[in-house]
Amino acid sequence: MTSPTDEHRADELTELARHVLSFEHDRARHDRTKEAEIRVEFEMSAARYYQVLNRVIDSPAALAYDPQLVTRLQRLRHARTSARASRSFVAPGAAPEGREEER
């Protein structure tokens, strides 16, 4: 059940924000086909679309509009961010940390 405050917040969403949420609801997968659809549907690059999407899912209005979708998208974003943060980067030709090359 939604409260009057939630309904008011959902009304604050821009047309673009509603369009982005609708698009995400219909197309859960992230692949080249989706990126091509983004270019056609929104007339923007996939990188720009994902910037807009991240801003939208951080808004209380989006959470009021579709809480299940927004929390799922936030959870996926958090998992991707955590996975990126846990990666270790090794310079090409350098030995991985903790292992020295034998001479």
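All residue numbers refer to positions in the sequence shown, counting from 1.
At distances below 3.5 Å, not a single donor-acceptor pair connects side-chain atoms of E24 with backbone N or O atoms of L73. Formation of a donor-acceptor pair under 3.5 Å by the T71 side chain with backbone atoms of Q68 is found in this model. Judged by distance alone, the side chain of S22 and the main-chain N or O of R18 form no donor-acceptor pair under 3.5 Å.
Two residues are said to be in side-chain contact when any heavy atoms from C-beta on lie closer than 4.5 Å; R39 and Y49 fail this criterion. Within the 4.5 Å cutoff, side-chain heavy atoms of F23 are placed close to those of E37. Proximity of D58 to L63: side-chain heavy atoms (C-beta onward) are nowhere separated by under 4.5 Å. The shortest distance between side-chain heavy atoms of L21 and L13 falls below 4.5 Å. Here the side chains of F42 and L16 are in contact, with some heavy-atom distance below 4.5 Å.
The heavy-atom pair separating V70 from A62 by the smallest distance is CG2-O, 3.3 Å.
Atoms CD1 and CZ, on I57 and R72 in that order, are 10.0 Å from each other to the nearest 0.5 Å. Atom CZ of residue R48 and atom CG of residue L53 lie 11.5 Å apart, to the nearest 0.5 angstrom. Here the NZ atom belonging to K34 is positioned 11.5 Å from the CD atom belonging to E41, to the nearest 0.5 angstrom. With rounding to the nearest 0.5 angstrom, the CD1 atom of I38 is 9.0 Å from the CE atom of M44.
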